[in-house]
Every structure is written in C-alpha cells, then in structure tokens.
Amino acid sequence: MSEKELRRSMAVLPMGTVMKLTSLTARQIRYYDDCGLVKSKRTESNRRLYSLNNIDRILEVKDYLDEGMNIEQVKRVYEKQRRRLASKNSNQRQTVSDERVREYLRDDIMKAGGLYVDNDPQFKQGYL
DNA sequence: GTTCTGACA
DNA sequence: TGTCAGCA
C-alpha cells in the first residue's frame, strides 16, 4: 500500500468534521455507519473516527440514496463489488489498484442512475 | 462543548 | 429523519 493510500485510510476525523465535509446530519452518518455501509473506527471513549476513504464512501451512499435506492439496495451494490474484487484477486496474483476500484464504483453509479425508474421491475430484479 | 445510544409525535 | 433525553 502506498503512503498516500495509507493516509487516506487513516481514521482520524470526528463526527463534526465529517458533517461539515459531507453536509449530512450526524443522524444520517450514524445510520449509514450502523448499517455497515462505512467502516468507521472508535476511540477509547467510543467516539466514531472516519478516514478520507470513509468520506468518499459516505458521499457515494448519499448519491445512491438520492437516486432513489434504499439502504438494502445500496448494500447489494457493495456486496457485488466485494465479490467482484474477491474473484479478481483469486484469479490473478496482482493486487487491484485504487484506480481500478474507482472504476467499478463509477460503473455501478452509472448503472444505478441510468436504469432506475420508479417501480421498474427490471431494476428490482437487478439489485434485489 | 461534542458525541453516543435509545426512543418516539 | 428530526429531535430530545441522559450519559460520558
């Protein structure tokens, strides 16, 4: 892992900072957190700590939700990515780069934003 | 002052 | 989701 990636993965931001950076309420951030959509760390006093990568994830979740998806559907998206990356790593002995990960993220965001229509059974079939 | 959990008109 | 309570 490069030094840059290491820093982006360091959980050092408290709730107040995340609220300012994402324009979300503490309630919403905790909700995403409790749903397992973001992997925050905790201080000795049980305070949540987030990394820069966590911020990106939170913003992504917000976008998905704004595009009409519910929490369960968002979870599906990340489960799919986890499986994809898992198979990638097992079939190839090379590590997936950060850039590659982002490529997958954009791909899913486009699919979600482009195909979703209220009560569209095809969408539910694809993500449920 | 800040964040946490739990609960609810 | 907002918001208030009661702690740490």
Side-chain angles (χ1 to χ4, degrees):
Chain A
M1 194 183 283
S2 74
E3 212 173 298
K4 184 178 180 181
E5 294 171 275
L6 190 64
R7 283 195 249 262
R8 289 189 59 75
S9 66
M10 292 194 285
V12 296
L13 312 174
M15 180 58 81
T17 303
V18 180
M19 290 173 68
K20 292 175 182 174
L21 260 32
T22 64
S23 294
L24 290 174
T25 64
R27 180 81 165 78
Q28 294 174 300
I29 296 166
R30 293 194 191 104
Y31 183 50
Y32 300 167
D33 203 335
D34 295 335
C35 286
L37 265 30
V38 285
K39 313 179 186 321
S40 67
K41 293 293 187 294
R42 294 279 184 145
T43 66
E44 297 182 336
S45 55
N46 200 41
R47 246 66 173 181
R48 268 170 255 255
L49 289 179
Y50 300 87
S51 69
L52 259 27
N53 284 328
N54 287 160
I55 301 296
D56 287 338
R57 167 61 68 89
I58 292 172
L59 258 17
E60 273 174 21
V61 172
K62 184 194 188 311
D63 286 337
Y64 281 138
L65 262 29
D66 286 343
E67 290 181 60
M69 280 187 259
N70 58 45
I71 292 294
E72 289 308 310
Q73 294 172 318
V74 177
K75 285 184 184 177
R76 294 277 183 169
V77 171
Y78 291 123
E79 271 182 42
K80 270 192 175 181
Q81 285 175 15
R82 183 183 60 66
R83 289 171 194 161
R84 275 191 215 167
L85 296 179
S87 68
K88 278 283 181 184
N89 280 319
S90 62
N91 297 326
Q92 302 170 34
R93 63 277 186 185
Q94 97 186 98
T95 299
V96 178
S97 70
D98 224 25
E99 192 177 343
R100 197 62 182 172
V101 174
R102 292 179 185 294
E103 206 173 289
Y104 287 130
L105 293 179
R106 283 198 298 277
D107 190 42
D108 273 323
I109 291 176
M110 286 173 68
K111 286 180 183 175
L115 299 177
Y116 181 69
V117 178
D118 243 313
N119 297 317
D120 180 345
Q122 286 242 295
F123 174 79
K124 292 184 177 179
Q125 193 178 318
Y127 283 90
L128 279 181

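The sequence lines fix the lettering, A, B, ..., with proteins before strands; numbering per chain opens at 1. Keep in mind that the numbers below use all heavy atoms, side chains included, and drop hydrogens, waters and symmetry copies.
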Query raised in the report: Under 4.0 Å: is that the gap between some side-chain N or O of A/R48 and OP1 or OP2 of B/dT3?
Result: no
Requested in this report: Specify the separation, in whole Å, of atom CD1 of A/I29 and atom P of B/dT5.
Outcome: 13 Å
Report task. Work out which heavy atom in A/Q73 is nearest to a heavy atom in A/G68; give both atom names and the distance. Result -> OE1-O, 4.2 Å
**Report entry** Contacts of A/K75 that satisfy salt bridge (charged side-chain N to carboxylate O under 4.0 Å, His left out) - sequence neighbours left out
**Finding:** A/E72
**Report entry** Side-chain N,O (A/T25) to OP1/OP2 (C/dG2) below 4.0 Å
**Finding:** yes
**Report entry** side chain to side chain contact (heavy atoms under 4.5 Å, CB included) against A/K39, all qualifying residues, sequence neighbours excluded
**Finding:** none
Requested in this report: Round to a whole Å and report the spacing from NZ of A/K62 to C1' of C/dT1.
Outcome: 13 Å
Query - Spacing between A/Y50 atom OH and B/dT3 atom C1', to the nearest angstrom - result: 10 Å
Query raised in the report: Of the residues in residues 32-43 of chain A, which ones touch DNA chain B at a heavy-atom distance under 4.0 Å?
Result: A/R42
Query raised in the report: Rounded to whole angstroms, how far apart are CE on A/M15 and P on B/dT2?
Result: 13 Å
**Report entry** Letter per nucleotide, 5' to 3', of nucleotides 3-8 of chain C [B base touched, S only sugar-phosphate touched, - untouched; heavy atoms, 4.0 Å]
**Finding:** B----B
Query raised in the report: How does DNA chain B read in dot-bracket, base by base from 5' to 3', with Watson-Crick or G-U pairs under 3.5 Å and | used when the partner is on another strand?
Result: .|.|||||.
Requested in this report: Not counting sequence neighbours, which residues clear salt bridge (charged side-chain N to carboxylate O under 4.0 Å, His left out) with A/R7? List them please.
Outcome: A/E3
